[in-house]
Amino acid sequence: MSGFSEDMPFFDEPNARPTAPSGIAARAMAARSGHINAPDYLKGLNPEQRLAVETTEGPVLVLAGAGTGKTRVLTTRIAHILATGKAFPSQILAVTFTNKAAREMKTRIGHLVGEAVEGMPWLGTFHSIGVKLLRRHAELAGLRSDFTILDTDDVVRLIKQLIQAEGLDDKRWPAKQFAQMIDGWKNKGQGPADIAEGDARAFANGKGRELYKAYQARLQTLNACDFGDLLCHPIRIFRANPDVLKEYHKRFKYILVDEYQDTNTAQYMWLRLLAQRPDAGRASTSTDLRPAEGRKPDRASAGQAAPTEASERNSRTAVIDNKVNICCVGDDDQSIYGWRGAEIDNILRFDKDFPGATIIRLERNYRSTAHILGAASHLIAHNEGRFGKTLFTDRDEPEDGKVHVHAAWDSEEEARAVGETIEAYQRQKHNLNDMAILVRASFQMREFEDRFVTLGLNYRVIGGPRFYERLEIRDALAFFRVVAQGADDLAFERIVNVPKRGLGEATIRQIHDTARALRVPMLEAAAKLAESDELKPKPRAALREVSANFERWQKALETTPHTELAETILEESGYTDMWKNDRSVEAPGRLENLKELIRSMEEYESLRSFLEHVALVMDAEQNAELDAVNIMTLHSAKGLEFETVFLPGWEEGLFPHQRALDEGGRSGLEEERRLAYVGLTRAKKNLHLWFVSNRRIHGLWQSTIPSRFLDELPEAHVEVAESGNSYGGYGNSYGGGSFAPGRGGQGAGRQNPYGASRFDSVGGNNGGAEKSGAFSNTYATPGWQRAQANRTEATDRNWGSRSGHQVERIGYGETDSGYGAGRTSVKGRTIDGELVAKSVADKPSAFSVGDRVFHQKFGNGNISAIEGNKLTIDFDKAGQKRVLDGFVAAV
DNA sequence: CCGGTCTAAAGAACG
DNA sequence: TTTAGACCGG
């Protein structure tokens, strides 16, 4: 058992019996004696869910559509395995992607099974389980078991050093870019030797592979690894050490994977290694697969008497012990992380990877209204690469409204209208917490925030930078890291001159060189240098102090409680003082955060375990008390649900995003469509989509055309609504419905869905007149016409500020670009009839400085400057604006 | 070492 | 338009 240290008991099963509490065990036994009295935990499952829970043996793929009870199935399945005694908690490997999901599973299993979950050591994220494996077998990967986990920021800094060490220009070859490349390789499970020649050549004049190698070597000397290594190292260890792998084969009787559609190639390989059995599929009692000594093959069959169907299946299992009991749960239609390395193919070819797999579809949706489901299903049906599921619901309540599509003139009006609609809901006694605005790109948030601040409407931004990514937290952690792991050069470099001690670039360079020459960590090298006379007095004294500090702290590590030590470190290093003396607006907040950091340390037993959790699982807490509208990206909305959902920005170029189309082509478009599907299916009752005619992108006003996804919504489930403006008189419109009633779709314009849109004539003045005839369908209603007429005339109200307004930011320091005043309108553009539109490269403008031009929104003006196709124009009335040259005409 | 100035880039983000 | 990062001068 190489790699298992004494203090990490590994196959330490409780002797007596599975740890399911007696209550559950009793219920499980009752279940076995007949099907009439199913245990409580199975009650309330629909037939498909129940099948997914009870099909414990063999490979199973559960295709769980949005809102079909996926988590319930997963947790109940684990509870079922435990309750029926098929496995001990420690014999179940259950992986998720996020800490949140892992946490939720833990608590929900806890509710089902009682306290027994405490014994589920292998329920966690891919990464946390990866660390666990790697700590056990660190030496097989050339690491010590106290290795450090570097985050993205550390990695980039490290790579930058390497690039410079290679004598390369670090501006021409940005470290960030290379970090992403490495990440991509690791997502595919590729080491330096495995990467494609082309990839290796693409960076740093063909030095890509070398750099990658140097990077890995550097990590090893630092006794560190990056996130990707948490998967790749175990894979390599398993491959090179069959005996180690075999132990895990024996251990894990059941494997469960959440969100399987999001797995990347490395995760897939990792799972394959753990799931594969040397002679899988063949009934066998081969010695190497026998359970560990001192244990019966299967408690359930061995220990319980009644020969029921369940126990029979168990005894069969005991014979075919090498069968792969892997259950993957996911939804191919919600695969939205291809850009992060996820391989939707993993889920699509599950039955090829695991022959004889049972595929179970969960299509009964418990979340949304029939209209919402209808809209979402119809949209996603436009994708080709999918299993094909259709969500359905029994709900058919007359008061359920259709999906609302709104048009607005520009993004300001959009934010205004959404705000009004939210207030209207609020007057109907809806909680703000039950509402969410889901955007495609985070820069869209800005406009809503501005608006809500003006309105005094509480909101909360979810996502964004996390707690431990803040400057002060990262600094503090760097101190702790050096104390805990003296070889952590990156951390050392980060704080050696914090607060400023006069240790500039030159001194650090010198420490670096000394460390290299002596082959010791920088901390040690610094200590040596401080004693030598190679430095000038000033840096020498400073360095001496630093190394004395660390020496003292490292000694204290063994004797002092870690929270106390942490406080001492921050005090003695002068770090807290540094912020106390800082008079910037952020300083008090930073001090507060440091306090919070110390507070959160109390939950861990040692500095080391705390550091590991910080790297892997630390989230910013959010304030659920406050009633506030939720604002987040579509990506971070996956897995959530809200009573009322607003989806702004459904325009070509933004959604689907142009870059997704340019880089991903057809599959990029399909992923965008899945993202749209995710957005639609977040809504339980009310769903509002918005598109605008004008949006400012990177400071330039551009006209936009409605998203093709709008055209893909079925008319039967959609109605076009008047946009909220000052003419609407929204106050009491909900329930009564001032939205224009649709007439039932005739499907006009379906033949050429992407060439022209039935929204063309309403989204803006992009050639509406000539087109409207061809699209006289549902949307040619009086309400719609009115909305159009009003759209251009929308006026500002006198918005007063409300007292008690609160804003919460989860994370901080958003860096979104925003929109200012001024609007423009534009002539229409067409996109390719092909599904994938290409962006147009900047062409030099045909205009010259001084030309007199006309702009639909701003009127006449003179061009004062030209950059490529971007014009700066002094308008007679509207002042100076920057617009794209396609949007003006010569006068 | 600090602070002002210039430039380039600006999609989503898990651990 | 906004922003972070590099760059330069004091």
Side-chain angles (χ1 to χ4, degrees), chain A residues 95-102 124-131 149-152 155-156 160 170-171 174-177 180 183 186-187 225-231 258-259 262-264 266-267 336-342 411 438-447 462-466 468-469 497 499-506 612-619 632-639 649 653-664 668 671-672 674-676 678-679 695-701 811 813-822 867 870 881-882:
Chain A
V95 273
T96 64
F97 274 85
T98 63
N99 294 304
K100 202 177 154 214
T125 62
F126 276 101
H127 291 87
S128 67
I129 291 170
V131 186
I149 302 159
L150 302 184
D151 62 35
T152 329
V155 168
V156 171
K160 190 164 178 180
D170 65 315
K171 265 173 288 174
K176 217 173 182 174
Q177 194 190 331
Q180 281 166 2
D183 206 49
K186 291 191 175 176
N187 282 339
C225 65
D226 60 23
F227 286 123
D229 285 340
L230 298 181
L231 276 167
D258 189 18
E259 305 279 18
D262 288 339
T263 51
N264 60 35
Q267 286 154 344
I336 55 174
Y337 285 112
W339 51 273
R340 214 169 65 185
S411 40
L438 312 181
V439 297
R440 173 63 183 82
S442 55
F443 72 79
Q444 293 171 262
M445 292 178 182
R446 166 77 183 267
E447 210 120 27
I462 293 175
R466 271 152 318 144
Y468 67 82
E469 284 170 350
N497 195 32
K500 299 272 183 265
R501 298 187 171 85
L503 293 168
E505 209 183 323
E612 177 156 320
H613 281 271
V614 162
L616 289 176
V617 302
M618 207 149 134
D619 294 331
M632 70 194 88
T633 63
L634 285 162
H635 281 92
S636 45
K638 195 170 79 152
L654 179 59
F655 195 31
H657 199 281
Q658 191 57 51
R659 267 175 83 169
L661 303 182
D662 289 349
E663 291 165 20
E671 183 156 308
E672 292 288 290
R674 291 192 290 269
L675 195 51
V678 167
R695 193 173 284 281
R696 190 161 51 179
I697 311 274
H698 310 325
L700 287 173
W701 280 100
E814 287 294 321
T815 61
D816 310 329
S817 54
Y819 303 89
E867 298 164 58
K870 298 170 187 110
K881 306 280 176 202
R882 298 224 309 155

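Computed from a predicted model, the values in this text were never measured in an experiment. Numbered from 1 within each chain, the chains take letters A, B, ... in sequence-line order.
Distance A:Leu634 CG to B:dC14 P: 14 Å, rounded to the nearest Å. Atom pair A:Phe97:CZ and B:dA13:C1' shows a separation of 13 Å (rounding to whole Å applied). Rounded to whole Å, the distance from CD on A:Glu447 to P on C:dT2 is 11 Å. Rounded to a whole Å, the CG atom of A:Asp229 is 18 Å from the P atom of B:dG15. When the P atom of B:dA12 is taken as reference, atom CD of A:Gln444 falls 9 Å away, rounded to whole Å. Counting to the nearest Å, the P atom of C:dA4 and the NE2 atom of A:His698 are 16 Å from each other. Distance, A:Leu654 CG to B:dA12 P: 10 Å, rounded to whole Å. Atom NZ of A:Lys186 and atom P of B:dC14 are 20 Å apart (whole Å).
With C:dC7, B:dG11, B:dA12 as the candidates, the nucleotide lying closest to the side chain of A:Lys171 is C:dC7. The side chain of A:Arg446 lies closest to C:dT2, out of B:dG15, C:dT2, B:dA13. Here the nucleotide nearest the side chain of A:Trp339, chosen from C:dT2, B:dG11, B:dA13, is B:dA13. Relative to the side chain of A:Arg659, the nucleotides C:dT2, B:dA10, B:dG15 differ in distance, and B:dA10 lies closest. With distances taken from any side-chain atom of A:Arg340 to the nucleotides B:dA13, B:dA12, B:dG15, the minimum falls on B:dA13. Closest contact between the side chain of A:Asp183 and the listed nucleotides C:dA6, B:dA12, B:dG15 involves B:dG15. Side chain of A:Arg440, nearest nucleotide from B:dG11, B:dC14, B:dG15: B:dG11.
Take the nearest nucleotide of DNA chain B for A:Ile336 and for A:Leu616: the residue whose nucleotide is more 5' is A:Ile336. Take the nearest nucleotide of DNA chain B for A:Ala615 and for A:Lys500: the residue whose nucleotide is more 5' is A:Lys500.
Aromatic ring centroids of A:Trp339 and A:His657 lie 6.0 Å or more apart.
Residue A:Lys160 places at least one side-chain N or O under 4.0 Å from the OP1 or OP2 atom of C:dA6. Between A:Lys100 and B:dC14, a side-chain N or O to OP1/OP2 separation shorter than 4.0 Å is absent. Look at A:Asn264 and you won't find any side-chain N or O under 4.0 angstrom from OP1 or OP2 of B:dC14. A sub-4.0 Å separation between OP1 or OP2 of B:dC14 and a side-chain N or O of A:Thr125 is absent. Between A:Asn99 and B:dG15 there is a side-chain N or O to OP1 or OP2 distance below 4.0 Å. The phosphate of C:dG5 (OP1 or OP2) has no side-chain N or O of A:Lys176 nearer than 4.0 angstrom. In terms of phosphate contacts, A:Ser636 brings a side-chain nitrogen or oxygen within less than 4.0 Å of OP1 or OP2 of B:dA13. Within the structure, every side-chain polar atom (N or O) of A:Thr633 is placed at least 4.0 Å from both OP1 and OP2 of B:dG11.
Scored by the salt bridge (Lys or Arg N to Asp or Glu O under 4.0 Å) test, A:Glu259 finds A:Lys70, A:Lys638 as partners (sequence neighbours excluded). Partners of A:Lys160 according to the salt bridge (Lys or Arg N to Asp or Glu O under 4.0 Å) rule, which considers only residues two or more places apart in sequence or in another chain, are A:Asp170.
Between the C1' atoms of C:dG5 and B:dA12, the separation comes to 23 Å (whole Å).
Side-chain atoms of A:Asp258 do not come within 3.5 Å of backbone N or O of A:Phe97 as any donor-acceptor pair.
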Derivation and outcome, side-chain contact (heavy atoms from CB on, under 4.5 Å), residues A:Phe227 and A:Val155: CA-CA 10 Å; A:Phe227 286 123; A:Val155 168; over 6 Å; no
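If you check every strand for non-hydrogen atoms under 4.0 Å, A:Asn497 touches sugar and phosphate atoms only. Residue A:Gly504 is in sugar-phosphate contact alone, with no base atom involved, counting any heavy-atom pair closer than 4.0 Å across all strands shown.
Interatomic distance, A:His698 NE2 to A:Phe443 CZ, rounded to the nearest 0.5 Å: 7.0 Å.
When side chains are defined from C-beta on, A:Leu438 counts as touching A:Met632, because their heavy atoms get closer than 4.5 Å.
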